[in-house]
2 protein chains.
Amino acid sequence: MPDPGNPVEQPDAAQFPLLPQLTLDCIILGFHEDQLRVLLLRWKDTQEWSLPGGPVRQNESVDAAAHRILKERTGLDQLFLQQFHVFGDVVRYNREEIKKKLKHVIDPEKWYERAVSIGYYALVDYSKVSPTPDAFTEECQWWDIKNIPQLLFDHNHIITVALQALRIQLSWQPIGYNLLPEEFTMPELQRLYETILGRTLDPRNFHRKIQGLGIVERLETRRKGGAHKAPYLYRFNKAQYEAMLTEGNLSFS
Amino acid sequence: MPDPGNPVEQPDAAQFPLLPQLTLDCIILGFHEDQLRVLLLRWKDTQEWSLPGGPVRQNESVDAAAHRILKERTGLDQLFLQQFHVFGDVVRYNREEIKKKLKHVIDPEKWYERAVSIGYYALVDYSKVSPTPDAFTEECQWWDIKNIPQLLFDHNHIITVALQALRIQLSWQPIGYNLLPEEFTMPELQRLYETILGRTLDPRNFHRKIQGLGIVERLETRRKGGAHKAPYLYRFNKAQYEAMLTEGNLSFS
DNA sequence: ACAAAAGTGTTAATGATACACCCATGC
DNA sequence: GCATGGGTGTATCATTAACACTTTTGT
């Protein structure tokens with residue numbers, strides 16, 4: 001359920017008691033056609049979009065709630081999921097405006113005075129996701145990160161902060177394991193880095209760097225069917241990748 | 001007020017409505033006699049220590065609550081304060097044990113079933129702090145970070161996570177502005193870095209690196225009265241320091 | 001044969017590390 | 001005068017950045 005000034009009565013409030021005035025927002029990122037994409041929800045009978053999110057149940061951890069929400073929206077388990085910020089301002093957006101816009105979905109009487117939201121970002125394999133709306137929304141879709149519309153709540157701001165956190169993460173941890181299919185080509189990985197960093201990289205230096213980290217293995221096969229020279233396929237070396245995740249120290253700067 | 005399974009009724013609950021089931025924990029770090037120190041509170045009529053912390057009021061932001069708590073415990077304003085993690089597990093420590101230990105301070109009937117805690121760390125000038133206990137505690141003291149006792153709640157764990165976050169921050173942002181007095185010597189700054197990183201650094205390389213960043217200015221005067229050669233005094237160049245804070249990219253690895 | 005993307009090595013510059021001696025001060 | 005910590009330079013090594021041509025494939 002998408003978020004902040006979260007209404008008291010959630011669809012699942014009857015079955016599951018919820019932590020009051022606390023919500024999650026999830027920035028679910030995928031990579032497709034050389035673009036970073038983010039999963040957004042369109043609210044019923046509106047043209048208004050927001051991030052996926054929702055409340056935390058009394059009997060689940062905050063991390064578990066994030067995993068649950070991701071599973072509900074994407075169908076995927078076992079994702080790379082990272083807490084990145086708590087949005088705790090008293091006034092996070094124009095409440096009255098939002099209450100008016102959504103009054104046909106949520107009774108305006110039932111909004112909390114405020115809510116604190118914990119931001120998570122998730123990196124997922126675009127091709128494996130089945131976007132699924134929640135009880136308040138009727139459409140769940142990928143949007144190009146460079147082309148996000150005006151969102152409900154403070155969600156444009158949350159996305160900005162998430163991307164900053166992602167870039168910092170990128171500078172000391174490897175990335176891609178959860179964003180690319182199992183087998184991928186070096187140019188694909190490079191374009192992923194370029195997209196997140198917002199600048200181009202030299203292919204020779206990039207190749208050397210990634211190889212040097214030992215996080216990928218080249219396969220025998222090449223990708224066929226492209227209109228041009230067939231690129232080699234690679235696979236992540238999970239052990240080495242995990243080691244880099246915890247040890248850090250990459251310096252993509 | 002120190003934390004997690006936070007009791008419903010706080011001393012300030014009468015005057016200020018509180019966000020339920022949400023608390024802060026603050027790791028307040030200072031530097032003294034070449035040691036990192038953390039401010040801890042001893043609960044009334046016990047030998048039990050915990051981190052400072054407390055609830056968030058309905059009419060203040062989460063960041064404002066952290067600043068308020070810091071001000072109450074240290075007397076200081078305008079501190080370097082950083083959110084670093086949300087502790088959201090359903091079971092964070094042995095509730096019954098804690099309720100028993102603190103039953104003379106907090107009515108066991110009045111504990112929430114659980115609480116989520118937002119962790120902040122603060123870097124402060126040790127010499128300017130006046131440690132002040134809160135309504136539940138009778139002593140507020142600095143403890144050497146290498147010598148922390150068994151704490152209440154999950155606070156030993158929270159300190160561990162805070163120090164990890166601090167080391168990562170150190171690797172891409174400058175540090176020291178809030179931990180050292182206005183004027184300091186290069187060996188003092190070096191020992192601060194060594195303490196946080198947990199290893200020794202070469203004084204020549206350290207000096208060159210810090211100078212190269214342009215975040216300090218050497219003053220005319222030297223520090224007199226030491227038992228040895230009088231070291232130069234330095235002062236942070238605030239503008240350059242702030243630039244490094246936002247741009248990052250130090251690589252102390 | 002041409003257009004489009006993939007693959008590959010070398011050089012220069014920069015940054016990081018290692019290392020040792022003299023200096024000032026208080027006792 | 002001696003013990004203690006402060007101050008400084010250079011040489012090596014490792015990493016990063018810059019740069020261009022050939023290969024493959026589909027059309």
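Because the structure is predicted, anything quoted here is derived from the model rather than measured. Every chain is numbered from 1, with letters handed out A, B, ... down the list of sequences.
Less than 4.0 Å separates DNA chain C from at least one heavy atom of each of the following residues of residues 227-235 of chain A: A:His228, A:Lys229, A:Pro231, A:Tyr232.
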Would you list the protein and nucleotides 11-14 of chain D atom pairs, both N or O, that sit under 3.5 Å from each other?
none

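Going from atom CZ of B:Arg218 over to atom C1' of D:dT8 covers 10 Å, rounded to whole Å.
Sequence neighbours left out, the pairs with a member in residues 219-231 of chain A that pass salt bridge (charged side-chain N to carboxylate O under 4.0 Å, His left out) are A:Glu188-A:Arg223. Applying the salt bridge (charged side-chain N to carboxylate O under 4.0 Å, His left out) definition to pairs two or more places apart or across chains, those involving residues 172-183 of chain B are B:Glu183-B:Arg235.
Summary of helix geometry: the two end axes of the helix from C:dA1-D:dT27 to C:dC27-D:dG1, each defined by five base pairs via their C1' atoms, are inclined to each other by 0° (rounded to 10°).
Counting heavy atoms from C-beta outward, B:Ile148 and B:Trp49 have side chains that stay 4.5 Å or more apart. Side-chain contact between A:Leu29 and A:Leu166: present, with at least one pair of heavy atoms (C-beta onward) separated by less than 4.5 Å.
Taking only distance into account, the side chain of A:Arg223 never meets the base of C:dA6 through a donor-acceptor pair shorter than 3.5 Å. Side-chain atoms of B:Arg204 and base atoms of C:dA20 include a donor and an acceptor less than 3.5 Å apart.
Between B:Arg222 and D:dG5 there is no side-chain polar atom (N or O) within less than 4.0 angstrom of OP1 or OP2. Distances shorter than 4.0 Å separate some side-chain N or O of B:Lys209 from OP1 or OP2 on C:dA16.
Every side chain to side chain contact (heavy atoms under 4.5 Å, CB included) that B:Glu217 has, sequence neighbours left out, goes to B:Asn237. For A:Tyr241, the side chain to side chain contact (heavy atoms under 4.5 Å, CB included) partners are A:Pro174, A:Tyr177, A:Ile215, A:Phe236, A:Leu245, not counting sequence neighbours. A search for ring-ring contact (aromatic ring centres under 6.0 Å, His included) contacts involving B:His157 returns B:Phe87, not counting sequence neighbours. By the side chain to side chain contact (heavy atoms under 4.5 Å, CB included) test, B:Tyr126 pairs with B:His32, B:Arg37, B:Trp142, sequence neighbours left out. With sequence neighbours excluded, the residues that form a side-chain hydrogen bond (donor to acceptor under 3.5 Å, both in side chains) with B:Gln141 are B:Glu139. Partners of A:Tyr121 under the ring-ring contact (aromatic ring centres under 6.0 Å, His included) rule, at least two apart in sequence or in another chain, are A:Phe84. Taking the side chain to side chain contact (heavy atoms under 4.5 Å, CB included) definition, one finds that B:Lys71 meets it with B:Asp77, sequence neighbours left out.
Considering only side-chain atoms of A:His207, the nucleotide from C:dT8, D:dT8, D:dG6 that sits closest is C:dT8.
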